[in-house]
Amino acid sequence: MFLFSKLVWVFGQPLSLVFFLILFAFLAVVLRFRSLAVFFSALGTLLLFVILFTTTGNYLLQDLELRFPKPDRDPDNLQCMIVLGGAFENEVNTTSHGIEFNAGADRFIEALRLAQRYPQSRILISGGDGSMSGKYEGDAAASARFFPLFGIARERLVEDRTSRTTFENAINTKELLASQGLSNCLMITSGYHMPRSVGIFRKQGIDVMPWPTDYRTDGHVALGIDFTQPSLNALNMATAVREWFGLVGYYFAGRTSELYPA
């Protein structure tokens with residue numbers, strides 16, 4: 001299932017679809033199917049325009065981010081927090097043994113803030129190597145270097161170093177929470193990733209308080225044309241489409257509690 005999901009995304013992401021439409025158009029020209037060539041060319045051009053020069057991806061991402069609003073104040077007390085991996089540059093860190101972050105760094109910055117405010121809380125980091133090669137360290141390993149730099153004792157950390165997917169995050173977290181006697185935790189992950197995460201954790205019977213972070217939109221995106229940031233538009237489109245692939249796929253696989261958790 002893990003490898004299958006990776007391959008589906010390799011071929012199913014928006015820019016990959018544009019490539020295949022162009023390829024089909026070329027083959028149609030070679031085989032002298034002029035109408036098909038025009039159709040595939042037009043469809044590929046339209047899709048590429050939507051990806052690069054409209055706010056569609058940002059709009060879809062915004063809807064995911066707003067699904068679980070962040071509470072307007074910190075909790076009165078906090079026993080534990082679950083931090084889902086996906087914030088470290090694992091390929092780089094494996095070689096340098098450093099703590100290089102990617103765009104999801106807010107997950108761990110927010111966890112650090114809460115850990116300093118609630119010194120009694122435990123921090124469960126769920127994140128192994130999510131690559132197809134399986135040769136890199138994961139977020140849990142890197143976080144064991146990160147948190148102590150800011151005075152957070154290693155003993156406060158509960159590390160899940162084997163999870164490769166959000167589903168495995170939930171399975172392993174359930175076992176670790178039981179073994180540590182922890183419950184009613186905050187769950188910290190990116191806002192766009194929260195609906196799928198909550199659905200999977202609910203399916204496993206894990207009660208969590210959603211604590212979204214790492215927002216990619218300002219919450220006021222409207223559908224329209226945008227020529228100012230094509231590369232960012234393409235990135236946000238890919239992120240949103242990937243989440244919806246996950247939501248739909250996990251729902252039909254019976255791994256989430258509902259199609260679009262709220």
Side-chain angles (χ1 to χ4, degrees), residues 1-10 12-13 60-61 63-65 67-68 70 80-90 101-108 110-111 123-132 134 136-143 158-178 182 185-216 236 238-262:
M1 184 65 178
F2 169 73
L3 184 59
F4 175 75
S5 66
K6 291 291 185 181
L7 291 175
V8 166
W9 178 241
V10 167
Q13 57 187 289
L60 293 173
L61 201 62
D63 193 70
L64 289 163
E65 291 182 337
R67 195 70 172 170
F68 283 90
K70 188 173 183 177
C80 63
M81 65 189 86
I82 301 163
V83 189
L84 300 188
F88 286 97
E89 292 288 356
N90 292 325
F101 284 101
N102 60 31
D106 285 354
R107 301 185 189 189
F108 283 83
E110 181 66 3
I123 310 154
L124 192 159
I125 302 99
S126 183
D129 179 14
S131 70
M132 286 193 286
Y136 303 112
E137 69 173 22
D139 284 44
S143 67
V158 181
E159 301 172 26
D160 163 23
R161 297 194 175 204
T162 62
S163 295
R164 301 170 298 173
T165 66
T166 309
F167 177 70
E168 292 180 1
N169 287 151
I171 296 294
N172 293 344
T173 294
K174 184 176 183 178
E175 295 178 359
L176 289 170
L177 290 177
L182 300 172
C185 302
L186 288 182
M187 182 164 68
I188 302 172
T189 189
S190 301
Y192 65 83
H193 186 235
M194 190 61 75
R196 181 157 58 104
S197 302
V198 169
I200 295 168
F201 274 67
R202 282 177 180 170
K203 186 73 172 181
Q204 294 299 316
I206 306 172
D207 186 24
V208 294
M209 177 188 293
W211 201 263
T213 186
D214 178 33
Y215 289 92
R216 309 294 173 91
N236 286 346
T239 301
V241 170
R242 183 174 186 175
E243 276 307 302
W244 271 105
F245 269 26
L247 281 164
V248 173
Y250 275 26
Y251 176 73
F252 284 106
R255 291 184 169 185
T256 186
S257 59
E258 51 191 317
L259 178 59
Y260 199 19

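More than 12 heavy-atom neighbours from other residues, nucleotides or ligands sit within 6.0 angstrom of OH on Tyr260.
Legend: residues meeting ring pair (Phe, Tyr, Trp, His ring centres under 6.0 Å) with Phe101, ordered by chain and number and at least two apart, are Phe88, Phe146. Taking Glu137 as the reference, Arg145 meet the salt bridge (charged side-chain N to carboxylate O under 4.0 Å, His left out) condition, with sequence neighbours excluded. Partners of Arg242 under the salt bridge (charged side-chain N to carboxylate O under 4.0 Å, His left out) rule, at least two apart in sequence or in another chain, do not exist in this structure. Take Tyr215 and apply the ring pair (Phe, Tyr, Trp, His ring centres under 6.0 Å) test, not counting sequence neighbours, and it matches no residue.
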Start with the C-alpha gap between Val83 and Ile123, add the side-chain angles, then the distance that decides, and say whether side-chain contact (heavy atoms from CB on, under 4.5 Å) holds.
-> CA-CA 7 Å; Val83 189; Ile123 310 154; 4.0 Å; yes
side-chain contact (heavy atoms from CB on, under 4.5 Å) between Ile171 and Gln204, worked out | CA-CA 7 Å; Ile171 296 294; Gln204 294 299 316; 3.4 Å; yes
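A donor-acceptor pair is defined here as one N or O able to donate and one able to accept, closer than 3.5 Å; such a pair exists between the side chain of Asp139 and the backbone of Ala87. Judged by distance alone, with hydrogens and angles left aside, the side-chain atoms of Asn102 form a donor-acceptor pair with the main-chain N or O of Gly86 at under 3.5 Å. In this structure, Ser163 contributes its side chain and Glu168 its backbone to a donor-acceptor pair below 3.5 Å. Between the Ser143 side chain and the Ala140 main chain, a donor and an acceptor come within less than 3.5 Å of each other. In this structure, the side chain of Asp106 does not engage the main chain of Phe108 through any donor-acceptor pair within 3.5 Å.
Applying the side-chain hydrogen bond (donor to acceptor under 3.5 Å, both in side chains) definition to pairs two or more places apart or across chains, those involving residues 186-195 are Arg107-Thr189, Arg107-Ser190, Thr166-His193, Thr189-His193, Ser190-Asp214, His193-Ser197. Sorted by first and then second residue, the salt bridge (charged side-chain N to carboxylate O under 4.0 Å, His left out) pairs involving residues 187-208 (not counting sequence neighbours) are Arg196-Glu243, Arg202-Glu258.
Looking only at side-chain heavy atoms (C-beta outward), Leu247 and Leu64 come within less than 4.5 Å of each other.
In this structure, CD1 in Ile125 is found 12.0 Å from CG in Asn169, a value given to the nearest 0.5 Å.
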